[in-house]
Amino acid sequence: MSTVRTRFAPSPTGYMHIGGMRTALFNWLYAKRHGGQFILRIDDTDQERNQETALGPILRAFRWLGLLWDEGPEVGGSHKPYFQSQRSHLYRAAAEKLEQSGHAYRDFSTKEENDADRKLADKEKRPYINIRRSLELSDAKKRELETAGHPWVLRLLVPRESKIVLDDLIRERVEWDTSLLPDPVIMRANGSALYNFATVVDDAELEISHVIRAEEHLPNTPIQILLHEALGNTLPRFAHIPYVCAPGTKEKLSKRKVEQYRKNPAFKRLFERGDEVFPQLGLSAAVALDPVMVEYYERIGYLPAGVLNALARIGWSLDDRTEILSLQTLVENFSLERVVKAPAGFDPDKLFSFQGHWMKELPLDEKVDGCVPYLVDAKLISEPVSAETREFVKSIVVALGDRLKLFADILDARPFFTDDITFDEKNFDKRVRKDGVPAHLAAFRNRLETLEPFTVPAMEAALQAYCEETGEQTGTLVHALRLSTTGQAVGPGVYDCLALLGKEKSLARIDAALKR
RNA sequence: GGCCCCAUCGUCUAACCAGGUUAGGACACAGGGUUUUCAUCCCUGCAAUGCGGGUUCAAAUCCCGCUGGGGUCACCA
């Protein structure tokens, strides 16, 4: 039994696509499930980009989610280098082999000629395939053209009138008629390889056993199969998984459409939360995060476990009931047989629900660790963070309880860090500026002043007593106290809020609220 | 338009391959309970096999057609 080797081959675009991350996850899981290797290869054949800015976010996303690669950038491996831009000698050698064996030919036709051919075929409503004029050229003529510096490209000579059969691990049998396949360019005039060619050469050389990729690559497959066969390679197994759709649609989730996603009801909440949070973190314009990027989820405080769980459930299920899946469980159970064939929408609501589950599971100290950087970035606390400050943050996290869904939610605790609070005016009018309320608030404020100790149970008892004596509903004071001390209508238990603020600050804020 | 893929609640899916279930679960939504608000938690409800033919005692499940949706058609990856 040979080793399972899977790969994910991103091109350095400067961000990691959430849908691409799902494909990468399936590759990673399949490799790990079978004790194999997961390889990261960088498809940078035609781009001259800054490694740091273009590749950085991609590696960052993998590391954040804990999907470490066995071979690839920064970790190396026995088949290095893992950048296609550094592997051109392999493509050139393979090209030469194909030319020698007659599987590829030099095409001297111009772009204009090809375009015209294509147009004509279109007009006559017949499928376009190459006319292969260069094949008619005599050797002498070819030499002449070359000496004259006439540019040419190398094309694969597609065998006409034959059938390509793919036994895909997910789609089962898919067939193509080669008579309908134009001869693909595999090398440019300057000797650089094209995607389909470089991919085939690398997949073979890296000994990739399973090519797991999104179904939009299905049309590339017959060409790649032909190339593998012409090169005499052992064919990898192919598994075309469904692509990820934009929420509520059947269209492929695309980075180019982010602006229109802003209006998508399912995506709206994500955008809005980002608009609230990122400026506070000083991440506004320059970073330009959006929910198509993995980094968005990291920066807004999602947990890897939440994102991973959601990604795994797009197009895959363990059984008829299990929804909560840890990476560990996934590694133990992942199988391509249970990948569905239909494209699946990315559901932000479901992600949020998984996130809620995993955040609840997170040990308190890790929650605090996750929150602290947000408070630092928002300049609500400063570095180095003292033990005392950390304890204070911890007590807030405890008070927040399950209300803390994302780490960025800790920013809602702003009133505990600064006196510069924003009042929810509508609720302030309703709960504080209301007949009889200020009088009760003032009266109870005086009781708080002498209350010792200033603790949750003591406050609760005091409020109960006050309400029994006056016949006032506890809700009246509870709401009035929260609004006047935090400005917010929702949040931790009101006694927790007061305890967190301390007696002095609580009294001062009540006084200030009574004067508003 | 050519080629290719796909089709179960609003969404993600189970049951399909080896035909027989009141078509199950989760999210969302609605209602109720717990709670000082919110969140959590618990209960209840809503809600699907695209259409038409076959095959069969029996079809979500097997076959064909239709319709619909989508992907892809570069000297991009």
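The sequence lines fix the lettering, A, B, ..., with proteins before strands; numbering per chain opens at 1.
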Engineer: Can you figure out which of B:U37, B:C5, B:A77 approaches the side chain of A:S11 most closely?
Structural biologist: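 The answer is B:A77, which lies nearest to the side chain.
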Engineer: Which whole number of Å gives the distance between the P atom of B:U67 and that of B:G52?
Structural biologist: 15 Å
Engineer: To the side chain of A:R171, which of B:C5, B:C75, B:U37 is closest?
Structural biologist: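 Of all the options, the side chain of A:R171 is nearest to B:C5.
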Engineer: Over all strands shown, is A:L404 touching base, sugar-phosphate only, or nothing at heavy-atom distances under 4.0 angstrom?
Structural biologist: nothing
Engineer: Tell me which nucleotide among B:C5, B:U37, B:A77 gets nearest to the side chain of A:Y195.
Structural biologist: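 Among the listed nucleotides, the one closest to the side chain of A:Y195 is B:A77.
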Engineer: Checking contacts here: which listed nucleotide (B:G2, B:U37, B:C27) is nearest the side-chain heavy atoms of A:P127?
Structural biologist: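 From the listed options, B:G2 comes nearest.
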Engineer: Do we get A:R22 above A:F346's six-membered ring, with its NZ or CZ under 6.0 Å from the centre and within 45° of the axis?
Structural biologist: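 Ring-cation test returns no.
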Engineer: B:A74 and B:C3: how far apart are their P atoms, nearest whole angstrom?
Structural biologist: 16 Å
Engineer: Distance only, no hydrogens: is a donor on one side chain within 3.5 Å (strictly under) of an acceptor on the other, for A:Y82 and A:D202?
Structural biologist: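 Per modelled atom types, A:Y82 and A:D202 side chains form no pair under 3.5 Å.
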Engineer: Can you see if the side chain of A:R338 gets near the phosphate of B:C17 - specifically, an N or O under 4.0 Å from OP1 or OP2?
Structural biologist: no
Engineer: Donor-acceptor pair under 3.5 Å: do we get one between A:E323's side chain and the base of B:G25?
Structural biologist: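 Check passes, donor-acceptor contact within cut-off.
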Engineer: Using the C1' atoms only, state how far B:A58 lies from B:U21, rounded to an integer number of Å.
Structural biologist: 14 Å
Engineer: Whether the side chain of A:R403 and the base of B:C38 hold a donor-acceptor pair under 3.5 Å is what I'd like checked.
Structural biologist: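 Yes.
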Engineer: Nearest to the side chain of A:V340, which nucleotide is it out of B:A14, B:C3, B:U37?
Structural biologist: B:A14
Engineer: Side-chain N or O of A:K250 less than 4.0 angstrom from OP1 or OP2 on B:G71?
Structural biologist: no
Engineer: State whether A:T45 places a side-chain N or O below 4.0 Å from either non-bridging phosphate oxygen (OP1 or OP2) of B:A77.
Structural biologist: yes
Engineer: Return yes if the base of B:A26 and the side-chain atoms of A:K350 contain a donor-acceptor N/O pair under 3.5 Å, otherwise no.
Structural biologist: yes
Engineer: Given the ring of A:F108, does A:K142 sit roughly above its face, with NZ or CZ under 6.0 Å from the centre of the six-membered ring and within 45° of the axis?
Structural biologist: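 Judged by the rule (NZ or CZ under 6.0 Å from the ring centre, within 45° of its axis), A:K142 is not positioned above A:F108.
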Engineer: On a whole-Å scale, what distance lies between the P atoms belonging to B:U11 and B:C29?
Structural biologist: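 After rounding to an integer number of Å, I get 15 Å for this pair.
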Engineer: Which nucleotide wins on minimum distance to the side chain of A:D349, given the candidates B:A39, B:U13, B:C27?
Structural biologist: B:C27
Engineer: Please measure how far the P atom in B:A47 lies from the corresponding atom in B:A23, and state the result in whole Å.
Structural biologist: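 14 Å, rounded to whole Å.
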Engineer: Is the distance from the ring center of A:H217 to that of A:F238 below 6.0 Å?
Structural biologist: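 No, too far apart.
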Engineer: If you look at every heavy atom in A:A95 and A:F197, which pair is closest and at what distance?
Structural biologist: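 For A:A95 versus A:F197, the nearest heavy atoms are N-CZ, 3.6 Å.
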Engineer: Looking at the side chain of A:D320, which of B:C75, B:A14, B:C6 is the nearest nucleotide?
Structural biologist: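 The closest nucleotide is B:A14.
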Engineer: Between B:A26 and B:U8, how many Å separate the two C1' atoms, rounded to a whole number?
Structural biologist: 15 Å
Engineer: Remember a base hit wins even if backbone is also touched, and classify A:G315 as base, sugar-phosphate or nothing at under 4.0 Å, heavy atoms.
Structural biologist: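 Sugar-phosphate contact only - A:G315 comes under 4.0 Å of backbone atoms but never of a base.
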Engineer: Of the nucleotides B:C3, B:U72, B:C12, which has the atom closest to the A:A344 side chain?
Structural biologist: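 Within the option list, the nearest is B:C12.
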Engineer: Distance check needed: B:U37 P versus A:L483 CG, whole Å only.
Structural biologist: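 These atoms are roughly 14 Å apart.
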Engineer: Would you measure the distance from the C1' atom in B:A60 across to the matching atom in B:U49 and give it in whole Å?
Structural biologist: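 Straight-line distance between the two C1' atoms is 5 Å.
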Engineer: What's the separation between atom CG in A:D44 and atom CG in A:L55, rounded to the nearest 0.5 Å?
Structural biologist: 8.5 Å
Engineer: How about A:F26 and A:W316: are their ring centres within less than 6.0 Å of each other?
Structural biologist: no
Engineer: Is the phosphate of B:A74 approached by A:R118 (side-chain N or O, under 4.0 Å from OP1 or OP2)?
Structural biologist: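 Result: yes.
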Engineer: Output the single nucleotide from B:U72, B:U13, B:A77 whose closest atom is nearest the side chain of A:S317.
Structural biologist: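 Among the listed nucleotides, the one closest to the side chain of A:S317 is B:U13.
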Engineer: Take atom C1' in B:A48 and the same atom in B:G25, then report the distance between them in whole Å.
Structural biologist: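 Going atom to atom, C1' in each nucleotide, I get 14 Å.
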Engineer: Could you please name the option among B:A39, B:G25, B:C75 that lies closest to any side-chain atom of A:R321?
Structural biologist: B:G25
